[in-house]
Amino acid sequence: MNDVPHPQALRWAADAQAIEILDQTRLPEHEVYLRIDTPEQMVEAIRALRVRGAPAIGVAAALLLALAAAGHLHLRRAPLLARIDETAGLLATARPTAVNLAWAVERVRHLAHALPAEMSPLELVERLRAEADAILAEDRAMCRALGEHGLTLLPKDDPLTVLTHCNAGALATAGMGTALAPVYLAHAAGRRVRVFADETRPLLQGSRITAWELQRAGIEVTVLPDNAGASLLRSERIDAVLVGADRIAANGDVANKIGTYGLAVLARRHGVPFYVFAPTSTVDPGTPDGEAIPIEQRGAAEVIRGFGRLTAPEHVAVYAPPFDVTPAALVDAIVTDRGVHRPPYDFLRGAA
Ligand code: MRU
């Protein structure tokens with residue numbers, strides 16, 4: 001399955017007593033894996049965006065919950081379940097917009113409660129570990145499925161030229177990414193692929209992370225400041241805009257990194273198809289539309305002192321939501337592991 005080379009956002013440590021995450025705050029200058037073995041360390045890593053991207057934070061939190069449960073083997077069932085619930089609560093709320101986080105944590109927590117009462121604590125934690133491993137393996141398979149479905153939408157042109165925003169690549173998942181999965185597959189098949197990567201203000205996930213992972217994979221990548229998107233779409237032939245998602249409402253409205261909405265408006269203006277890629281776990285049937293999606297709050301310092309240097313007067317008012325909502329009407333198709341979905345959306349059914 002892992003035959004398309006790409007960097008890894010996270011993995012079990014060799015001794016299986018910790019999770020190693022690639023500290024994405026240090027890219028592109030330093031490639032450093034951090035060893036994480038407590039819930040508090042994982043919450044810090046998720047909040048600080050050391051591990052980031054909706055699928056990756058879900059997988060990381062699920063692995064950590066299973067690991068933390070194994071640290072309470074001395075407890076009887078009821079206190080063990082209480083500790084699991086407490087840790088799950090901490091992890092699930094570390095970031096609110098990406099629904100995969102709460103989904104993955106709940107999957108492990110729910111299993112702990114559903115297992116037979118006579119099961120020993122040792123057996124129980126082994127089952128939780130297997131469930132977390134299944135979430136990781138499914139995430140990898142999901143990425144490949146997204147890539148294969150995505151390729152059916154894209155022209156067979158040589159080169160294939162796409163524009164992307166933020167990072168929806170390998171470093172946002174446990175596999176080869178969501179929006180970038182068709183890019184990796186096309187490249188692996190020997191096609192020439194050109195990727196334009198929005199810098200993605202304010203934390204530069206596009207230039208620091210997308211450009212880093214694509215360059216490393218030998219895929220042609222060009223970084224542009226976010227405000228060059230309009231001019232690029234007018235002057236270059238772009239086959240499609242490909243983005244990921246942090247939460248997809250039942251009506252097809254899509255929450256993703258700030259700037260995605262503006263890009264969708266620009267793509268429509270220039271007649272370029274706008275495609276969203278996400279696992280089914282990013283679809284939240286409990287959220288009817290974009291209005292109901294909780295948008296995370298982050299500090300003003302990310303905008304005015306993002307990389308250590310003051311770039312606006314101190315104490316100036318800052319407007320900087322980290323995510324925006326793209327209305328379904330601006331999205332040409334949503335690709336999940338079940339296939340290509342078009343309106344009216346029914347994500348739980350198979351798709352074309
Ligand atoms: O704040 P981030 O870097 O976690 O934001 C990530 C994004 O917005 C991604 O596009 C989204 O999580 C999809 S990743 C496959």
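Whatever order the structure lists them in is the order used to number ligands and atoms, beginning at 1. Since the model is a prediction, treat every value here as computed from it, not as a measurement.
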Pairs under 3.5 Å, N/O atoms on ligand 1 and on the protein: can you put them in a table with the distances?
residue: ligand 1; atom: 1 (O); partner: Arg95; partner atom: NH1; Å: 3.4
residue: ligand 1; atom: 1 (O); partner: Arg95; partner atom: NH2; Å: 2.8
residue: ligand 1; atom: 1 (O); partner: Lys257; partner atom: NZ; Å: 2.8
residue: ligand 1; atom: 3 (O); partner: Arg52; partner atom: NE; Å: 2.5
residue: ligand 1; atom: 3 (O); partner: Arg52; partner atom: NH2; Å: 3.4
residue: ligand 1; atom: 3 (O); partner: Gln205; partner atom: NE2; Å: 2.9
residue: ligand 1; atom: 4 (O); partner: Gly53; partner atom: N; Å: 3.1
residue: ligand 1; atom: 4 (O); partner: Arg95; partner atom: NH1; Å: 2.8
residue: ligand 1; atom: 8 (O); partner: Asp246; partner atom: OD1; Å: 2.9
residue: ligand 1; atom: 8 (O); partner: Asn256; partner atom: OD1; Å: 3.1
residue: ligand 1; atom: 8 (O); partner: Lys257; partner atom: N; Å: 3.2
residue: ligand 1; atom: 10 (O); partner: Asn256; partner atom: OD1; Å: 2.7
residue: ligand 1; atom: 12 (O); partner: Ala54; partner atom: N; Å: 2.9
residue: ligand 1; atom: 12 (O); partner: Asp246; partner atom: OD1; Å: 3.2
residue: ligand 1; atom: 12 (O); partner: Asp246; partner atom: OD2; Å: 3.0

Task: Contacts of type ring-ring contact (aromatic ring centres under 6.0 Å, His included), residue Tyr261, not counting sequence neighbours - done: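 Counting only residues at least two positions away or on another chain, Tyr261 forms no ring-ring contact (aromatic ring centres under 6.0 Å, His included).
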Open item on the list: Show, in sequence, the C-alpha distance, side-chain angles and deciding distance for Arg109 and Glu86, and conclude whether the salt bridge (charged side-chain N to carboxylate O under 4.0 Å, His left out) test is met.
Closed with: CA-CA 10 Å; Arg109 194 200 71 83; Glu86 189 188 327; over 6 Å; no
Whether the [X] and [Y] side chains hold a donor-acceptor pair (N or O, under 3.5 Å, no angle test) is what I'd like checked.
| X | Y | value |
| --- | --- | --- |
| Asp133 | Trp12 | yes |
| Gln24 | Arg52 | yes |
| His113 | Asp85 | yes |

Open item on the list: Could you walk me through whether Trp103 and Asp284 satisfy the side-chain hydrogen bond (donor to acceptor under 3.5 Å, both in side chains) test, starting with their C-alpha distance in whole Å, then the side-chain angles of each, then the deciding distance to 0.1 Å, before giving a yes or no?
Closed with: CA-CA 9 Å; Trp103 168 86; Asp284 183 7; over 6 Å; no
